[in-house]
Amino acid sequence: MDSVWKAVMLQEPVDIGAASDRELLARAAERDDAACFELVTRYGERLFAVVEKSHGDLQLSDDIVQDAIFRAIEKQTQLRDGTAFFPWIVRIALHHAADYRRKVRRESLVDMFRFGETRPATETLCEAQLDSDRDRAQVRRALTRLKPYHRELLVLRYYAQLSVEELCQVFKKRNAAIRKDLQRARDQLERRLPDRFGGEP
Amino acid sequence: MNELLERELNGELTASESLELNRCRDDEVLRRRRGWRSVAATIAEDPPLRPATSARIARGVHQRMGVRDAIAAPGPVRLLPWAALAVGALTLALIGTWTEPMPEEQKKETSVANEVAIGPRGGPVEIGVIDAPVDESEELIEVVF
C-alpha cells in the first residue's frame, strides 16, 4: 500500500493542480489516485484541524476526516455548489463526529478530550512560548466546556475563518439563526474566560 | 454599539461601521472587543495537537476505497438473483404454454388406474393389469393383495 502511495506522490500531473474541486471529486470517484491526493492536500489538514479542535480526540479525528473525505468522494453528485466544497465536507465530518460522540456518550467525555495537552518535552520552550501555550490551553479548556454545537461554531468561525454565510451552509440554518447562535456561543465562552474579558478597558 | 461589535465579531462590519466602532469609548464595548481580539487570535493560531499529514489522510481514504471495492460484488454476481428470477419465470411460462389438455381416453385410463392403485387400507398394493385399455363391458383389472 505504501509503495502505491509513494508512486502517487511522486507523480506531479500538471492539470490536477488547476482542476476544480468538483472535477477532482469526479476523478477521485473514478479511482484516480492523483485527484484524490490533490483533494486531500487542499483540504485534509484544514479539515483535520477543525475536527480535532471541535471533537478533541486525535485518533478519532483521523478516522472522522478519512471517513468524511471518502464519503464526499462516494457522494460527489450531492455537492450542489461546486465552490462550497469546504463547508460541505465540514458538514459531513461534523455529522460523523456527532455519531462518534453518541457512541461514546456513556464513557467519560472529559477523558476523551485532551485539550491542554503539553507540548513534547524535547522542545525547548522560552517564557513567551510557555505563556502562549498556557493561553492556548486555557482557551482550549474553556472550549471543551461548551456544548459541541457552540464549540463547532466558534472553531469554524475563528479557526477555519468561515463566514456567516458559510456557517449557514455547514449547519443548514438561516442567517439570523446562525448570528444568534454565534452570539450565544460567544457569551458562553466569555463566561468561562473571566480573566480574558475582565481586564481594564 | 453592541450590535456593531457583534457584526465585527461575525466579520461583517463595513468600513464606515468600523470607524464608528473605533470612535466608541464605552467601557463594556472596549472590554469585550479587547477580550475577543485576544481569544480569536489564540483560537486562530492554535495548531492541532498533532499535525495531520496529507499522506496519512490520503492513505486512509485509499484504504477505505479498497475495502469498499473488495466487498462490492462484481457486476455479473450482483445480477445473479435477478437472472435466476428471470430464468424461473421464463420456465414457468414455457411449461404453461407446452401443457396441452389431456385427451378424453387418457383421462379415463388415469382415473381407473388411480382407483386400483389406492387399495382398500392404504397398504402395499400389487397391481395386475393397469396398462390394458379400458373396456367397461369386461372385468379386466385384477388386484391381488
Side-chain angles (χ1 to χ4, degrees), chain A residues 1-2 4-6 8-9 28 31 33 36-37 39-42 44-49 51-53 58 61-63 65-67 69-71 73-74 114-115 117 132 135-136 138-140 142-143 154-155 157-159 161 163-164 178-179 182-183 186 189-190 193 196-201, chain B residues 1-14 17-18 21-72 74-75:
Chain A
M1 187 64 71
D2 280 340
V4 172
W5 275 101
K6 270 178 200 161
V8 170
M9 281 185 285
R31 301 295 178 263
D33 290 340
C36 180
F37 190 74
L39 207 59
V40 171
T41 308
R42 280 188 199 176
E45 299 201 17
R46 195 172 167 214
L47 184 64
F48 177 83
V51 172
E52 189 264 324
K53 281 170 184 298
L58 287 174
S61 300
D62 248 354
D63 286 341
V65 168
Q66 290 166 13
D67 273 346
I69 295 175
F70 171 65
R71 289 281 175 91
I73 292 170
E74 292 294 297
R114 296 177 193 154
F115 287 132
E117 273 185 5
S132 144
D135 283 352
R136 286 172 185 167
Q138 185 193 32
V139 173
R140 274 179 172 254
L143 279 170
L154 293 176
V155 167
R157 174 72 197 95
Y158 295 109
Y159 180 80
Q161 307 278 323
S163 66
V164 173
I178 287 290
R179 283 161 196 262
L182 267 174
Q183 196 175 340
R186 279 194 291 258
L189 193 63
E190 278 184 35
L193 290 168
R196 298 292 280 268
F197 290 92
E200 290 293 316
Chain B
M1 207 45 78
N2 265 327
E3 196 184 321
L4 275 186
L5 178 58
E6 290 298 331
R7 282 174 56 74
E8 184 186 51
L9 294 174
N10 288 343
E12 300 171 316
L13 216 57
T14 62
E17 287 172 333
S18 181
L21 193 60
N22 284 338
R23 280 196 294 268
C24 172
R25 287 289 167 263
D26 180 73
D27 284 355
E28 174 69 9
V29 171
L30 286 174
R31 183 185 62 79
R32 286 194 69 210
R33 215 177 164 200
R34 185 171 296 173
W36 270 107
R37 205 169 287 165
S38 147
V39 170
T42 307
I43 296 174
E45 289 160 13
D46 188 14
L49 290 175
R50 184 189 65 201
T53 60
S54 296
R56 193 179 71 235
I57 298 173
R59 200 178 298 124
V61 175
H62 192 259
Q63 276 170 352
R64 280 160 174 76
M65 284 180 164
V67 170
R68 210 285 313 262
D69 288 347
I71 58 173

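Predicted model, so just to flag it, every value in this text is computed and none were measured. Chain letters run A, B, ... following the sequence lines, proteins first and then strands; every chain starts at 1.
Among all heavy-atom pairs drawn from A:Arg136 and B:Pro47, the shortest one is NH1-CD, 3.7 Å. Here the closest heavy-atom approach between residue A:Phe37 and residue B:Ala58 is recorded as CD1-CB, 3.5 Å. When all heavy atoms of A:Ala28 and B:Met65 are compared, the closest pair comes out as O-CE, 3.6 Å.
Partners of A:Arg179 by salt bridge (Lys or Arg N to Asp or Glu O under 4.0 Å), not counting sequence neighbours, listed by chain and number: B:Glu12. Partners of B:Arg37 according to the side chain to side chain donor-acceptor pair (under 3.5 Å) rule, which considers only residues two or more places apart in sequence or in another chain, do not exist here.
Under 3.5 Å, the side chains of A:Arg196 and B:Thr42 contain a donor-acceptor pair of N or O atoms.
Both the backbone and the side chain of B:Arg56 come within contact range of chain A, each with at least one heavy atom under 4.5 Å from a heavy atom of that chain. Neither the backbone nor the side chain of A:Leu47 comes within less than 4.5 Å of any heavy atom in chain B. For A:Ser163, no part lies near chain B; criterion is any non-hydrogen pair under 4.5 Å.
Distance check, rounded to the nearest 0.5 Å: OH of A:Tyr158 to CG of B:Asp46 gives 16.0 Å. Between atom CH2 of residue B:Trp36 and atom CG of residue A:Leu189 there is a gap of 4.5 Å, rounded to the nearest 0.5 Å. How far CD1 of B:Ile57 is from CZ of A:Phe70: 15.5 Å, rounded to the nearest 0.5 Å.
For the pair B:Ser38 and A:Phe197, the minimum side-chain heavy-atom distance is 4.5 Å or more. The closest side-chain heavy-atom distance from B:Val61 to A:Ile73 is below 4.5 Å. Side-chain contact between A:Cys36 and B:His62 is absent, with no heavy-atom pair separated by less than 4.5 Å. At least one side-chain heavy atom of B:Glu6 sits under 4.5 Å from a side-chain heavy atom of A:Arg186.
Options A:Gln161, A:Arg42, A:Gln138, A:Glu74 differ in how many heavy-atom pairs under 4.5 Å they form with chain B, and the most are formed by A:Glu74. Among B:Val29, B:Leu9, B:Val39, the residue with the largest count of heavy-atom pairs under 4.5 Å with chain A is B:Leu9. Per-residue counts of heavy-atom pairs under 4.5 Å with chain B were compared for A:Leu39, A:Ile178, A:Asp63, A:Leu154; the largest is that of A:Asp63.
The number of heavy atoms from other shown groups lying within 6.0 Å of CZ (A:Arg71) does not exceed 12.
A salt bridge does not link A:Asp62 to B:Arg59: none of the charged nitrogens lies less than 4.0 Å from a carboxylate oxygen.
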